[in-house]
Amino acid sequence: MKLLTVFLLISGPFVAAHPGEDHTEELAARQSYFKGRSANLSHCASKLNTNGVIERAIHRRALAARGLKQKRAVLAMRGEESHAEYTVEQDPATLFGGNSSCAMSPEEIVGPYYVEGEYVRSDLVEEQEGIPLELDIQFIDASTCKPVDGAYIDIWNCNSTGVYGGVINPTNGNGAADPSNIYNTWLRGVQKTDGDGVVQFSTLFPGHYINRTVHIHVMAHLNAQPLANGTLFDTEAAYISQIYFDQDLINSTNAYWPYSTNTQPVTSNAEDFLLNGDLQAGGDPQAKHIHIGSRLEDGVLAWITFGINVTHSEAVTPAATYHPALNTTAVCH
C-alpha cells in the first residue's frame, strides 16, 4: 500500500461517473467512431492464423491453465458445488481456440474510478478476498492485424462487494463512509504487452454495483514510459474499453462469500447499456473462460482480444492521481 498524504481538490461531482448519468453524447460519439470501422477482429482471423498468433495463444492459455491447476493443487472432487473444470487431457485447440474480440475506442466511457499513477505489476490482489481471476488480454492493430508490442495496459475493477479502491465517490460502494479508501491500490495495475501483444494479470473476479453489470476497465497507453519508481502517468494516447463476463458465471459468483454480502442492486448483462452498445456495434467484449477446478473458488482463467487503432488517441480525466514520489495524492474534481 502507498503511504500517502491526501490533498482533497474536490469542487464538484466526479467526471464521467456512469451510475445514474446520461451518457447519450458518449454513446453517440462511440457509434460515430465505429462508422466505417470494424468493432471486432473477424477481418484479421486469416492473417492471425497464418502468422501463428492464434496457435501461440492456444499454447499460452493451455500453459497458464496447467500452471494454475498445479499452483492451487486442485482436487478433482470436493463434495461442494461443482463446475466443469479444466483437465490437462482436454484438447487445447478446442478449449482455447475460441476467442472473443472487441475494438477499443477513444470514445469509450472511462468512468469515475480511473486512477493515474498505478504501479506496473501483474498481481493486483493484495489483501482482497474473492474468486481468483487470471486474465490473458491480447491487443491487435485493427488495421494491420499485427500484435501491438510495447503498449502499457492499465486495468482496474471493483472488489467483491462493489467498491473501487483509490477513490472516494458517492456512487462507489461505501461512498464517503471510508475516507481511508483513497490510499488503497488493490485490483489496479499496469503491464507492458509482449511481442504477441499480450498482458496477463492475477486479480479477483469483480463484484457488482448500482446500474452496471460486472466488468473490468481496460486502457491502452501507446506512448508511455513508467517512472523509476514503477508507476505510470499518462492521460494521453489512451484507448478505453471494458471486459465483460458470461451471465451464468456472474450468477454463480454472486452466491459465494463475500460477493453474497453485497447489498447493491444487481444489473444483468441484458440490462447494461454499455455492454449492449458494444454488442450492437458488432463487438464481442465478453471474455471466454474456463474453471480451473471443480469449485468456483479454485479460480477462473479468462481471455479476450482487443483491436486498437494505433493512429488515434484521446485524453482522459482521472478521478485521482497518485504521486508516491512526492508522498501525495490529488483527488480531482
Side-chain angles (χ1 to χ4, degrees), residues 2 4-33 103-120 151-158 163-173 175-176 179 181-185 187-190 206 209-212 215-227 231-243 273-274 277-278 306 308-310 312-326 328-333:
K2 302 167 188 170
L4 306 172
T5 302
V6 181
F7 291 91
L8 296 181
L9 304 177
I10 301 175
S11 59
F14 285 78
V15 172
H18 29 277
E21 290 195 356
D22 182 0
H23 295 287
T24 304
E25 291 186 8
E26 290 99 329
L27 292 174
R30 179 165 172 75
Q31 290 173 355
S32 176
Y33 176 77
M104 300 182 80
S105 166
E107 282 79 17
E108 187 72 83
I109 297 167
V110 69
Y113 310 126
Y114 168 53
V115 175
E116 183 190 25
E118 289 298 342
Y119 283 106
V120 178
Y152 281 92
I153 308 303
D154 207 329
I155 75 167
W156 65 100
N157 61 268
C158 67
V163 177
Y164 283 85
V167 295
I168 299 174
N169 186 303
T171 64
N172 181 28
N181 190 48
I182 194 69
Y183 298 104
N184 291 327
T185 59
L187 307 184
R188 297 178 177 275
V190 182
Y209 56 95
I210 187 168
N211 291 343
R212 290 305 318 279
H215 62 279
I216 294 177
H217 293 267
V218 182
M219 182 182 295
H221 304 274
L222 302 180
N223 297 291
Q225 289 296 326
L227 301 180
T231 60
L232 188 77
F233 290 81
D234 181 50
T235 56
E236 300 294 331
Y239 284 79
I240 307 161
S241 196
Q242 296 177 23
I243 301 172
F273 69 102
L274 280 178
D278 279 346
F306 285 109
I308 296 178
N309 175 5
V310 299
H312 192 82
S313 66
E314 185 81 3
V316 295
T317 302
T321 298
Y322 285 122
H323 294 290
L326 302 177
T328 61
T329 299
V331 184
C332 304
H333 316 295

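Count residues from 1 along the sequence. Because the structure is predicted, anything quoted here is derived from the model rather than measured.
Atom CZ of Phe233 sits about 14.5 Å away from atom CD of Gln225, to the nearest 0.5 Å. One distance of note links CZ of Arg212 with CD of Gln242; it measures 4.5 Å at 0.5 Å rounding. The distance from the CG atom of Asp278 to the CZ atom of Phe273 is 10.5 Å, given to the nearest 0.5 Å. Separating the CD1 atom in Ile168 from the OH atom in Tyr183 is a distance of 8.5 Å, to the nearest 0.5 Å. The CD atom of Glu118 sits 9.0 Å away from the OG1 atom of Thr231 when rounded to the nearest 0.5 Å. Expressed to the nearest 0.5 Å, how far CG of Asn184 lies from OH of Tyr164 amounts to 14.5 Å.
Listed by chain and number, the residues in a side chain to side chain contact (heavy atoms under 4.5 Å, CB included) with Ala224 are His221, Leu232, Asp234 (sequence neighbours excluded). Contacts of Asp154 classified as salt bridge (charged side-chain N to carboxylate O under 4.0 Å, His left out), with partners at least two apart in sequence or in another chain: none.
Between Pro226 and Val120 the shortest heavy-atom distance is CB-CG2, 3.9 Å. Pairing each heavy atom of Pro206 with each of His215, the nearest pair is CG-O, 3.6 Å. Taking every heavy atom of both residues into account, Gly166 and Ala320 meet most closely at O-CB, 3.9 Å.
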**Q.** Test side-chain contact (heavy atoms from CB on, under 4.5 Å) applied to Arg188 and Tyr119, step by step
**A.** CA-CA 8 Å; Arg188 297 178 177 275; Tyr119 283 106; over 6 Å; no
Q.
I'd like to know whether His217 forms a side-chain contact (heavy atoms from CB on, under 4.5 Å) with Tyr114, so could you lay out the CA-CA distance, the side-chain angles of the two residues, the decisive distance to 0.1 Å, and finally the verdict.
A. CA-CA 8 Å; His217 293 267; Tyr114 168 53; over 6 Å; no
Q: Might you work through the side-chain contact (heavy atoms from CB on, under 4.5 Å) test for Leu222 and Ile308, ending with a clear yes or no?
A: CA-CA 10 Å; Leu222 302 180; Ile308 296 178; 4.2 Å; yes
Q: Test side-chain contact (heavy atoms from CB on, under 4.5 Å) on Val115 and Val167 and set out the steps.
A: CA-CA 8 Å; Val115 175; Val167 295; 3.7 Å; yes
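Between Tyr209 and Tyr113, the two ring planes are perpendicular [angle over 60°; tilted spans 30° to 60°].
Looking at heavy atoms from C-beta onward, Ile153 lies in side-chain contact with Val218 at the 4.5 angstrom threshold.
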